[in-house]
Structure formats: structure tokens, C-alpha cells
Trainee: 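Once you've had a glance at the structure underneath, I'll fire off some questions.
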Amino acid sequence: MAASSHSFEENLEEALAHLQRFADEPLRHLIGGMSKPSVSGEMFLNHSPIDQSVLGDVASGDLPDIADAAEAAAEAFGPWQALGGEKRRQLLNNLATLITDRARQIALVECVDTGQTMRFMSAAAIRGAANFRYFADMAPSVANGRSLPTETHINYTTRRAIGPVGVITPWNTPFMLSTWKIAPALAAGCTVVHKPAEWSPYTAHLLAEIALEAGLPPGVLNVVHGLGHTAGKSLTEHPAIKAIAFVGESSTGSAIQAQGAATLKRVHFELGGKNPVIVFDDADLDRALDAVTFMIYSLNGERCTSSSRVLIQDRIYQEFTNRIAARIKDIPVGHPLDPDAVIGPLVHPRHTHKVRSYIDAAKAAGATVHYGTDMVDRPSENFVPPMLFTEATNDMPIAQEEIFGPALTAIPFSDETDAVKIANDIPYGLAGYVWTNDVGRAHRVSDALDCGMVWVNSQNVRHLPTPFGGAKNSGIGRDGGDWSFEFYTETKNISVALGPHPIPNLAR
Ligand code: NAD
């Protein structure tokens with residue numbers, strides 16, 4: 001991952017210039033193409049994860065604002081569908097181009113809003129544009145279904161956008177994650193009400209602003225800011241919203257399912273993970289070390305697919321954990337705009353408190369805690385060093401719970417059966433990683449892992465046509481390729497008689 005060509009000072013100066021507007025004026029909702037304050041006039045403060053300074057006021061939405069946005073999305077739905085796939089393709093490609101043009105701005109704002117480092121965020125903004133391009137190009141063919149003829153009937157299926165949908169996103173890589181949901185929804189012909197995370201509201205606004213600039217009609221993409229239990233809950237309960245695409249914690253997913261029950265919401269959930277990376281003693285250990293450390297210490301460890309449990313074959317456990325412990329001494333922690341920093345501040349003191357609490361939990365359970373580099377003159381407690389927990393067993397809280405920070409739990413295993421047993425003995429089932437040079441074992445273990453995605457001898461390398469999502473408590477549904485469109489559309493079967501096939505005559 002190349003460091004940015006810009007210096008820290010250049011990044012800081014530019015970021016401050018982009019953030020000034022949020023300090024000058026409260027951030028408002030974007031509904032039907034209009035910037036609007038909350039109906040209640042309520043606002044909340046958005047703080048910098050770097051030093052806890054106030055970045056600005058943000059409108060705090062609730063039911064009246066969601067109702068306004070849902071109405072705008074419902075009004076825009078018919079015309080957006082009627083525009084057709086080809087025109088939607090053009091508009092969404094325009095949007096992708098404008099994201100690319102403003103990728104640096106998006107990345108700088110995202111870094112200060114979330115604490116993620118520039119080293120990763122510059123690529124994340126570009127990936128957001130790639131997501132739009134990929135789904136834009138599929139827009140003209142979304143309606144195409146299957147042909148299922150019989151001797152007497154021609155059956156064919158068509159797909160049509162389900163209606164206005166709600167998208168609710170978390171704070172870890174908010175811009176890129178929101179594009180995974182919003183791009184296919186818009187390409188399919190749905191209109192969207194987006195409720196971004198309250199700890200990272202800014203780039204959702206930039207995306208909606210760019211969408212208007214790209215020529216998307218007002219009301220096609222709306223943003224309502226606010227808290228989960230007010231704006232989020234109202235969105236999941238609104239009758240005009242036909243489906244909810246949600247990325248966040250498993251417990252929030254359960255709440256959303258309950259909230260959406262009365263209106264029979266279709267739901268798509270991408271939830272938490274505690275993903276095992278299994279390192280067998282025959283693996284290429286140098287590459288495995290790079291991948292293991294990359295997948296837990298990049299993106300501040302605030303990553304759903306992070307390799308947060310490393311299962312290491314007992315013969316190499318000591319040597320491999322020693323190497324991880326040495327490696328984390330060289331991982332720079334710093335200001336998110338410092339081009340050399342890998343780990344930036346965690347997003348919020350409440351989250352930092354949670355992550356730090358696992359240090360005590362590890363010690364109490366009998367594990368050993370190793371620390372990597374720490375930042376000298378930390379501007380706030382949100383900066384935490386990379387951590388490694390050794391002598392861990394799979395029943396410890398550090399092995400069972402999602403920490404969502406730069407903390408890796410290392411567990412030994414004896415053989416293939418033991419590795420699979422430990423890997424699956426967890427409520428989550430998002431991703432798994434397998435490191436071995438035995439081809440047969442790679443396939444056997446991949447098949448036995450109870451999760452949605454497996455990478456063999458690789459870190460997470462996303463390929464947009466492939467399905468992304470989790471099993472067990474890690475999610476419902478899949479993103480990527482045509483799987484995304486299955487969620488955002490209704491399928492209809494049309495059956496036409498080819499001739500005078502028998503029809504029962506019920507008359508006496
Ligand atoms: P969270 O569940 O606390 O919040 C996510 C969003 O849900 C926020 O916008 C929040 O305001 C909203 N929300 C909260 N309560 C709600 C309610 N009752 N009704 C409607 N909306 C509500 O999650 P977070 O702390 O922001 O994000 C971290 C979590 O996200 C981690 O568990 C992580 O694993 C998960 N995540 C999963 C994936 C994936 O692809 N599986 C990707 C990224 C993050």
C-alpha cells in the first residue's frame with residue numbers, strides 16, 4: 001500500500017479548508033435535493049476522533065424528517081424507473097467520475113471524521129467510484145430475467161426495482177461501505193434514503209451532493225442524519241420504505257428486524273465478525289505474516305473482515321507469535337493525515353473504551369498482552385497501539401467477541417480437525433482465511449468453515465462480481481454482482497400458453 005505523495009502539512013491544510021464549511025454552518029439533511037434542518041430544530045455535535053475538538057453541528061433527524069425523505073424518495077421512484085437502465089447507467093457513471101475528481105477531498109474529510117489513516121482512505125474513495133461504475137454498467141440489464149419454457153407455456157421472469165429503500169451505515173469506512181449499497185440500489189431503479197452513522201456524517205453528505213451535481217434527479221438519493229434510535233428506527237419503520245440495507249453490529253441487526261416486522265421490511269444485513277485466519281505449519285509463513293498483520297492492523301482494526309483470531313498450528317505457534325509481536329513494533333501509529341501512519345485514532349472515546357477494556361479482559365482470562373508502537377504526544381486517548389494477545393484459548397472473551405480495534409488474538413491448534421472446530425466455535429460467520437501449501441487441505445478446510453467467504457493464501461481481495469456477506473450472526477444476504485440486484489428488485493414470472501393446452505372444464 002503506497003503512502004500518499006502529499007506531506008502531512010499539505011494534507012492538514014487541505015483537510016482544514018474542506019472541513020471549514022462544516023464548522024461554519026450546521027450540516028443539514030439533503031431531502032428532495034434541498035438542504036433542510038431537522039423539523040424539530042435538534043442538532044448534535046460531531047467531534048474529531050483526533051483530539052475531541054468540535055468539528056461542527058449536525059441536524060438530528062427523527063420521524064418527521066424521515067417521513068419527508070421517504071415521501072421525496074417515493075415521488076422520485078416512478079420517474080427514476082421510467083428513465084430506464086441506459087440513462088441510469090450514464091448518470092451513475094457521471095457520478096463515479098465526479099467521485100474520482102473529488103477523491104482526495106472525500107479521503108481527507110473521511111480521515112478527520114473517522115480517524116482512519118490517509119494511507120488507506122485515498123484508495124477507499126477511489127474504490128467507491130469503482131463500485132458505482134461496476135453497478136452502473138449493469139443497470140441496463142437488471143430487468144432481464146430467465147426463460148423457463150415448458151411444452152405448453154413459455155415462462156419468463158422479469159425484475160423490477162422494489163421501491164424506495166433505506167440504507168443504514170456504520171462509521172468504520174463510511175464512504176466506501178455506503179457505495180456498496182447505494183450504487184446497486186440506484187442502478188436497479190430504487191430510490192434511497194440514507195441514514196449515515198452519527199459518528200461520521202460528512203462524506204454521506206458529499207456523496208449526495210455529488211449525486212445532484214452528476215444530474216441525478218432530486219429525491220433519488222436523500223440523506224437524513226441522526227441517531228440510531230430516532231432517525232434510524234423511524235427509517236426502518238416507515239411504510240413507504242420497502243427494504244433496509246444495513247451494515248453494523250449484529251445486535252442492531254436484530255433490533256432492525258424487530259422494528260421492520262410490522263411493515264414486513266425486506267432486510268439485508270452485513271454484521272459483525274470474528275474471523276479466523278488459520279496458519280498451518282506448511283504455509284509460506286512470510287506471506288502469512290504479512291497477510292495476518294495487514295488484515296488486523298490496517299483500517300485501525302475497525303474492519304468487519306479483519307483477521308481478528310489467528311489460529312496457529314502448535315509446532316509453529318511460538319515462532320509465529322514472536323514474529324507478529326516483533327512486527328507490531330514497526331507499525332506506525334499517528335495522525336490520520338500523516339502519510340506514514342498506519343493506525344490512526346479510534347473513532348470515538350466510547351469505542352476506545354470498549355477496545356481498551358479487552359486489555360484487562362485478556363489479562364483476567366490468563367492471556368499475555370503484547371503492545372506495538374505507541375504514539376508519542378498522543379492528542380487523545382483514542383490513539384491505541386497495535387496489540388497481540390497470546391496464550392489465548394477460544395473460550396475467552398478476547399476470542400469470542402468482536403473487539404473492532406487493532407487487537408489480535410492468537411490461539412494454538414493441533415491438527416486440521418482441531419483448527420476447523422475452533423474456527424467454527426463462534427456465533428459469527430463472516431470470513432475465514434486459510435494458509436497452507438497442501439491443496440487438498442486448503443479445499444477441505446475452506447469447505448468446512450461455517451462462514452460466507454474464504455480466502456486461501458490471501459488477504460481479503462475484493463472482486464465485485466463475487467458474493468460478499470456472512471453466515472450465522474454475521475449477516476443475511478449477499479452483496480456483489482447479481483446478488484445485489486436480487487435484493488433491490490422483485491422478480492415476476494410471466495407464463496404464456498403456447499397453444500390449446502388442456503384446461504379443466506368444471507361444468508357438470
Ligand atoms: P451500529 O450497529 O452501532 O450502527 C450502525 C448504524 O446503525 C448507525 O448508522 C446507527 O445510527 C444505526 N442504528 C443504531 N441503532 C439503530 C436502530 N435501532 N435502528 C436503526 N438504525 C440503528 O454499528 P457501528 O458501531 O456503527 O459499526 C460497527 C459494526 O459494523 C461492527 O460490528 C462491524 O463488524 C460492522 N460492520 C460489518 C460489515 C460487514 O460487511 N459485515 C462492514 C462494516 C462494519
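Order of appearance sets the numbers: ligands from 1, and atoms from 1 within every ligand. Positions are given from 1 along the sequence.
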Trainee: Using a plain distance cutoff, I'd like to know if T169 has any nitrogen or oxygen under 3.5 Å from a nitrogen or oxygen of ligand 1.
Mentor: yes
Trainee: Going by a strict under-4.0 Å cutoff (protein heavy atoms only), does atom 2 (O) of ligand 1 have a neighbour on the protein?
Mentor: yes
Trainee: E402 heavy atoms, cut-off 4.0 Å: which ligand 1 atoms fall inside?
Mentor: 31 (C), 32 (O), 33 (C), 34 (O)
Trainee: What about H229: any of its N or O atoms under 3.5 Å from an N or O on ligand 1?
Mentor: no
Trainee: Verify whether one side chain among N46 and D113 offers a donor that lies under 3.5 Å from an acceptor in the other.
Mentor: yes
Trainee: Checking contacts here: is it the side chain or the backbone of E302 that comes within 4.0 Å of ligand 1, counting heavy atoms only? Could be both or neither.
Mentor: neither
Trainee: Less than 3.5 Å between some nitrogen or oxygen of P170 and one of ligand 1, yes or no?
Mentor: no
Trainee: For G480 and S484, work out which heavy atoms get closest and say how close.
Mentor: N-OG, 2.7 Å
Trainee: Tell me the protein heavy atom at minimum distance from atom 23 (O) of ligand 1, and give that distance in Å.
Mentor: E249 N, 3.4 Å
Trainee: Would K265 and T263 count as having a side-chain donor-acceptor pair, cut-off 3.5 Å?
Mentor: yes
Trainee: Starting from atom 35 (C) of ligand 1, which protein heavy atom do you reach first, and at what distance in Å?
Mentor: G248 O, 3.3 Å
Trainee: For ligand 1, is there an N or O atom under 3.5 Å from any N or O atom of S250?
Mentor: no
Trainee: Which heavy atom of the protein is the closest neighbour of atom 25 (O) of ligand 1, given with residue, atom name and distance?
Mentor: W171 NE1, 2.9 Å
Trainee: Just do the side-chain hydrogen bond (donor to acceptor under 3.5 Å, both in side chains) check on R133 and T100 with the steps written out, would you?
Mentor: CA-CA 11 Å; R133 264 193 211 102; T100 311; 3.2 Å; yes
Trainee: Out of all atoms in ligand 1, which are within 4.0 Å of some heavy atom of I168? Include the element for each.
Mentor: 6 (C), 7 (O), 9 (O), 12 (C), 20 (C), 21 (N)
Trainee: Taking the six-membered ring for Trp and the full ring for Phe, Tyr or His, determine whether the centres of F135 and F485 are under 6.0 Å apart.
Mentor: yes
Trainee: Students should be able to answer this: which protein heavy-atom is nearest to atom 36 (N) of ligand 1, and at what distance?
Mentor: C304 CB, 3.7 Å
Trainee: What are the atoms of ligand 1, with element, lying closer than 4.0 Å to any heavy atom of P196?
Mentor: 9 (O)
Trainee: When you compare ligand 1 with E270, is there at least one nitrogen or oxygen pair between them that comes in under 3.5 angstrom?
Mentor: yes
Trainee: Can E381 and T352 be said to form a side-chain hydrogen bond (donor to acceptor under 3.5 Å, both in side chains), step by step?
Mentor: CA-CA 8 Å; E381 287 306 300; T352 305; over 6 Å; no
Trainee: side-chain hydrogen bond (donor to acceptor under 3.5 Å, both in side chains), that's the test. Do R104 and N11 meet it? Break it down for me.
Mentor: CA-CA 9 Å; R104 186 162 154 77; N11 285 344; 2.9 Å; yes
Trainee: Mark up the atoms of ligand 1 that fall under 4.0 Å of a heavy atom belonging to Q259, in ascending order.
Mentor: 17 (C), 18 (N), 19 (N), 20 (C)
Trainee: Check each heavy atom of T173 against ligand 1 and say whether those closer than 4.0 Å belong to the side chain, the backbone, both or neither.
Mentor: neither
Trainee: Give me the residue, atom name and distance of the protein heavy atom closest to atom 13 (N) of ligand 1.
Mentor: G228 CA, 3.4 Å
Trainee: Should F246 be listed as contacting ligand 1, given a heavy-atom distance under 4.0 Å as the test?
Mentor: yes
Trainee: Could you tell me which atoms of ligand 1, counted from 1 in the order shown, lie closer than 4.0 angstrom to a heavy atom of V247?
Mentor: 5 (C), 36 (N), 37 (C), 38 (C), 42 (C), 43 (C), 44 (C)
Trainee: Under 30°, 30 to 60°, or over 60°: which ring-plane class applies to H348 and W199, parallel, tilted or perpendicular?
Mentor: parallel
Trainee: Does one side chain, of D62 or T230, offer a donor that lies under 3.5 Å from an acceptor on the other?
Mentor: no
Trainee: Quiz question: by atom type and distance under 3.5 Å, do the side chains of H194 and S178 form a donor-acceptor pair?
Mentor: no
Trainee: Can you check side-chain hydrogen bond (donor to acceptor under 3.5 Å, both in side chains) on N460 and T305, steps first, answer last?
Mentor: CA-CA 8 Å; N460 166 348; T305 53; 2.9 Å; yes
Trainee: For atom 15 (N) of ligand 1, what's the nearest protein heavy atom and its distance?
Mentor: T252 CG2, 3.3 Å
Trainee: Please confirm whether A231 comes under 4.0 Å of ligand 1, counting heavy atoms of the residue only.
Mentor: no
Trainee: Between H225 and H29, what is the ring plane arrangement, given parallel below 30°, perpendicular above 60°, and tilted in between?
Mentor: parallel
Trainee: Among the heavy atoms of F468, does any lie under 4.0 Å from an atom of ligand 1?
Mentor: yes
Trainee: Looking at ligand 1, does any of its N/O atoms fall within less than 3.5 Å of an N/O of T236?
Mentor: no
Trainee: What part of H351 sits under 4.0 Å from ligand 1 if we count only heavy atoms: the side chain, the backbone, both or neither?
Mentor: neither
Trainee: Between E42 and S60, do the side chains contain an N or O donor and an N or O acceptor separated by less than 3.5 Å?
Mentor: no
Trainee: Quick one: which ligand 1 atoms are inside 4.0 Å of a heavy atom on N172?
Mentor: 43 (C), 44 (C)
Trainee: Output the list of atoms in ligand 1 that are nearer than 4.0 Å to some heavy atom of K195, sorted by atom number.
Mentor: 8 (C), 9 (O), 10 (C), 11 (O)
Trainee: Please classify the L430 to ligand 1 contact at 4.0 Å (heavy-atom distances, strictly less than): side chain, backbone, both or neither.
Mentor: side chain
Trainee: Less than 3.5 Å between some nitrogen or oxygen of W180 and one of ligand 1, yes or no?
Mentor: no
Trainee: Give a yes or no answer on whether the side chain of N275 reaches the backbone of G432 with a donor-acceptor pair at less than 3.5 Å.
Mentor: no
Trainee: Can you check whether F404 and W171 have ring centres sitting under 6.0 Å from each other?
Mentor: yes
Trainee: If you have a sec, work out which protein heavy atom is nearest atom 41 (N) of ligand 1 and how many Å separate them, to one decimal?
Mentor: L271 O, 2.7 Å
Trainee: Take H18 and V112, measure what side chain to side chain contact (heavy atoms under 4.5 Å, CB included) needs, and give me the verdict at the end.
Mentor: CA-CA 11 Å; H18 290 309; V112 178; over 6 Å; no
Trainee: Is the Lys NZ or Arg CZ of R462 less than 6.0 Å from the centre of W180's six-membered ring, within 45° of the axis?
Mentor: yes
Trainee: Out of all atoms in ligand 1, which are within 4.0 Å of some heavy atom of G232? Include the element for each.
Mentor: 19 (N), 20 (C), 21 (N)
Trainee: Starting from atom 28 (C) of ligand 1, find the nearest protein heavy-atom neighbour and note its residue, name and distance.
Mentor: F404 CE2, 3.5 Å
Trainee: Taking Y371 for its side chain and V384 for its backbone only, find out whether a donor-acceptor pair lies under 3.5 Å.
Mentor: no
